[in-house]
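Everything on this sheet refers to the single structure shown next.
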Amino acid sequence: ANVKKQPNGDVEIAPLPNPNAPDISIASKAYAFYIYYMDPSLDPIKYEKEVEKARLKEQRGNLPLFIAIDAYMSKKKLGFEKIQFKSSAISALIKKGVPVYAALNVPKAFLEHIEKRQEEREALTSMKAWGSALKKSEKQILSDLARAPADSRGMLVIGFNPDTKEYLVQLPHLEDSKTFWMSENECEAALVKDMAYAAKL
């Protein structure tokens, strides 16, 4: 019920709600968004304590943060597993209303470029025409990403378009948790150490 297919071919999950919890740090906010979507009974204070414990262990090389998140979700009879960032896997999850968590290297300049491109995308009525404009823009962005310093952010993939091979991404760290479209090639280039996860079905 929360998945809609638009006339232009976009398949989207409704943007994930903000837990509105000041106790949650920026570093773990994307995880919190994800868990809150899967389980609205999220206790932000307990969650942040678990994350903080995991972060301290991770600094000692003992426990990656996502394992702690998986443990937290398992208590809720959910789970968190690593997936391949491939269109077949992501589209299947989104069709079922399950978003994907991904760590992407997206510098500020890149986000500014994407926001401008978003306006162009929304102004077009033909996705065929957009495909040509996207390829031109993508070439510049991929070049910029190759030279950009590391600036990893937790993001949520909540939509896709099979014709243009784009993903709808929500960035919890931005004001109002903005959403924007990135091409498949851009996402793959920006993905940090294959860090893509989803709730276990």
Side-chain angles (χ1 to χ4, degrees), residues 1-18 30 33-34 37 82-148 150-199 201:
N2 66 333
V3 181
K4 291 184 179 180
K5 184 173 181 178
Q6 307 295 348
N8 65 359
D10 292 346
V11 180
E12 307 173 12
I13 299 174
L16 276 61
N18 190 332
F33 261 63
Y34 198 106
Y37 173 76
K82 194 167 187 175
I83 66 165
Q84 284 193 317
F85 201 95
K86 299 294 181 184
S87 57
S88 57
I90 293 174
S91 61
L93 286 164
I94 289 171
K95 284 178 182 177
K96 294 177 181 178
V98 179
V100 172
Y101 172 92
L104 300 176
N105 180 33
V106 285
K108 187 177 179 180
F110 169 83
L111 290 175
E112 291 172 354
H113 187 108
I114 285 288
E115 287 184 4
K116 290 179 182 177
R117 190 172 75 182
Q118 184 86 351
E119 294 175 4
E120 296 173 15
R121 188 184 196 273
E122 292 171 357
L124 288 174
T125 55
S126 167
M127 293 309 285
K128 190 172 183 179
W130 173 242
S132 301
L134 176 64
K135 285 182 181 178
K136 184 177 180 181
S137 172
E138 178 189 78
K139 187 175 181 180
Q140 181 60 52
I141 285 181
L142 290 174
S143 175
D144 291 344
L145 280 172
R147 301 192 305 268
D151 191 4
S152 176
R153 302 163 190 257
M155 298 191 182
L156 304 163
V157 182
I158 61 172
F160 72 99
N161 186 303
D163 298 322
T164 60
K165 295 186 177 179
E166 291 175 281
Y167 295 115
L168 180 61
V169 176
Q170 183 175 10
L171 181 52
H173 310 86
L174 291 181
E175 184 182 354
D176 300 325
S177 305
K178 292 179 182 177
T179 60
F180 50 88
W181 289 90
M182 290 177 65
S183 75
E184 184 174 42
N185 289 334
E186 289 164 356
C187 285
E188 289 177 353
L191 189 65
V192 178
K193 297 180 180 179
D194 296 325
M195 287 185 65
Y197 304 93
L201 302 177

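Under the side chain to side chain donor-acceptor pair (under 3.5 Å) criterion, Glu122 pairs with no residue at all, not counting sequence neighbours. In this view, Asn8 and Asp10 satisfy the side chain to side chain donor-acceptor pair (under 3.5 Å) rule, not counting sequence neighbours. Partners of Tyr167 under the ring-ring contact (aromatic ring centres under 6.0 Å, His included) rule, at least two apart in sequence or in another chain, are Phe85. Judged as a side-chain contact (heavy atoms from CB on, under 4.5 Å), and not counting sequence neighbours, the contacts of Ser137 are His113, Arg117, Ile141.
Taken from NZ in Lys96 to CD1 in Ile13, the straight-line distance is 12.0 Å, to the nearest 0.5 Å. Here CZ of Phe160 is found 11.5 Å from CG of Leu168. Values are rounded to the nearest 0.5 Å. The distance from the CD atom of Glu188 to the CG atom of Leu142 is 10.0 Å, given to the nearest 0.5 Å. Here the CG atom belonging to Asn161 is positioned 9.5 Å from the CD atom belonging to Glu12, to the nearest 0.5 angstrom. Here the straight-line distance linking atom CG of Asp194 with atom NZ of Lys82 works out to 5.5 Å at 0.5 Å rounding. To the nearest 0.5 Å, atom CD of residue Glu186 and atom CG of residue Leu134 are 6.5 Å apart.
Residues Gly9 and Pro162 share a closest heavy-atom pair of O-CD, 3.6 Å. Between Phe180 and Ile114, the shortest heavy-atom distance links the atoms CD1-CG2, 3.2 Å. When all heavy atoms of Leu124 and Ala129 are compared, the pair lying nearest together is CD1-C, 4.5 Å.
The salt bridge (Lys or Arg N to Asp or Glu O under 4.0 Å) analysis of residues 158-167, with sequence neighbours excluded, yields the pairs Arg121-Glu166. The list of salt bridge (Lys or Arg N to Asp or Glu O under 4.0 Å) pairs with a residue in residues 123-136, not counting sequence neighbours, is empty.
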Just distance, no hydrogens or angles: give the donor-acceptor pairs under 3.5 Å from side chains in residues 86-94, sequence neighbours left out.
from, atom 1, to, atom 2, distance (Å)
Ser91, OG, Ser87, O, 2.7
Ser91, OG, Ser88, O, 3.2

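At least one side-chain heavy atom of Leu156 sits less than 4.5 Å from a side-chain heavy atom of Tyr101. No side-chain heavy atom of Val192 sits under 4.5 Å from any side-chain heavy atom of Leu104.
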